[in-house]
There are 2 protein chains.
Amino acid sequence: MARYKLTIEYDGGPFVGWQRQDNGQSVQGAIESAAEGFCGRFVTVFGAGRTDAGVHAWGQVAHLDLPREEAEETVRDALNFHLKPNPVSILKAERVAEDFDARGDARERRYLYRIANRRAPLAIDRGRAWLVTAPLDEGAMAEAAGLLLGRHDFTSFRSVHCQADSPVKTLDALEVTRAGEEVHIAARARSFLHNQVRIFAGTLKTVGEGKWTPGDVRAALEVRDRSAAGPTAPPDGLYLVDVRYDG
Amino acid sequence: MARYKLTIEYDGGPFVGWQRQDNGQSVQGAIESAAEGFCGRFVTVFGAGRTDAGVHAWGQVAHLDLPREEAEETVRDALNFHLKPNPVSILKAERVAEDFDARGDARERRYLYRIANRRAPLAIDRGRAWLVTAPLDEGAMAEAAGLLLGRHDFTSFRSVHCQADSPVKTLDALEVTRAGEEVHIAARARSFLHNQVRIFAGTLKTVGEGKWTPGDVRAALEVRDRSAAGPTAPPDGLYLVDVRYDG
């Protein structure tokens, strides 16, 4: 047995999400099928983050055990060969210790939420950003984002279906910047609750439109009730940027 | 009659190109259908650049005449409404003089060619960049690009099917830059020959791989023979960035 760490890019559009499910093709399932095509037997692929349907990744991380050791480039290229034509790409395969755990060992996860803030529909970036036609005040959004930093009970900012044991998380960064007609929300934490970044994005958009003040966001946090925060932004704009480990 | 200038974004992937053709859906045809849906009669749409199948645009420009004057926002929004679900978006509609000619009045056209220079297949940018797996030397590419600037007979760099009267054009800029794993080729001229930017890209890639020297590119230019230059790069990486006019 030889364990490999995979760094993975995917377009989440055609998938039911990262996790294998009965109702359609998952990213995990696509990689498991590719691994089976490569090594001739089923191997489970363990991901660092269970992205939802439609959510993209530039740098998802997963691990899997192959029956025997192979060159890293061989693993990467063979998986990519068997992944065709899925929009999933193994950027890197690295031989790691047998106890490496993509999920449990992750020290930091970074997400980016892209809002296209313009009137016209998206043509090139359709499915890859959230179109918000009302002008957004990114300064107010940044101020509100700053009020969410640190260790909190984020019950207001997690899906009611979230299965995490505790709603308490430490948010290390939540930065709002504008690049032309795009507004970017960059989030960084050791781990996130289900839908947390999308609820951040939906709530900050409400602030950007001037419907909420930054103080309203802080108040929503303190209430610890999902219905107190803003809507869950669509998956289209969300990217798992990378997952970091010690060493 | 009221003439409008349209600024248009599109994903060229599903189209046979800008120009109306018998063998499939064109961008021009999609906009003409939308205009007919809006104003109830057929109107011709005249584009500034006839992009090929698979070529994208962030800022194509076209003009059309509507039977009566409408607010600019109404024209934009109505065309976008009728364009659904095509990946074509009218970014702007502007009322212009009756003699405005999107093609003939254009003073400058800018194109960007995106090369993804990495080993792994493209997932998120599939169809939106050219994947080149061999490491590219962007410095050598930039040097070669510089040798193509100015007024020349570009016979070596135009499709054998090019219908332009003269192969003589003035190339105002051809810049090669690297942004991480992407190599960008930015071209600027009053007008271009058929496939000119794609042949630039294919030729410069050959230099970047070390198979050709910058001097070979200059020699290819001087020979005035299409077969002397490099291959035509795929349409996926090409974007019509914008078209500029006087005033």
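Throughout, a chain's letter reflects where its sequence line sits, starting with A, and its residues are numbered from 1. Just so it is clear, the structure is predicted and the values come from calculations on it, not from any experiment.
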Best-contacting candidate, B/N86, B/L122, B/I8, B/L83, against chain A by heavy atom pairs under 4.5 angstrom: B/N86

A/R95, CZ atom: more than 12 neighbouring heavy atoms under 6.0 Å: yes

Atom of A/N80, atom of B/P121 and distance for their closest heavy-atom approach: ND2-CD, 3.2 Å

Under 3.5 Å: donor-acceptor pair, side chain of B/R128, backbone of A/I124: yes

Minimum-distance pair of heavy atoms, taken over all atoms of B/I90 and A/A120: O-CB, 3.4 Å

Let me check something: any side-chain donor-acceptor pairs from residues 12-20 of chain A under 3.5 Å, sequence neighbours excluded? List them with distances.
unit_1 : atom_1 : unit_2 : atom_2 : d
A/R20  : NE     : A/E32  : OE1    : 2.6
A/R20  : NH2    : A/E32  : OE1    : 3.2
A/R20  : NH2    : A/E32  : OE2    : 2.9

Pairs of heavy atoms under 4.5 Å with chain A: top-ranked of B/E73, B/R76, B/H56: B/R76

Spatial distance of atom CG (A/D125) from atom OG (B/S89) [nearest 0.5 Å]: 11.0 Å

A/D77 versus chain B, the contacting section by heavy-atom distance below 4.5 Å: side chain

Side-chain touch B/K92/A/R119, heavy atoms, less than 4.5 angstrom: no

Sequence-distant partners of A/F81, ring-ring contact (aromatic ring centres under 6.0 Å, His included), two or more places apart: none

CZ (B/R50) with more than 12 external heavy atoms under 6.0 Å: no

Salt-bridge present (A/R126, B/E9; N to O < 4.0 Å): no

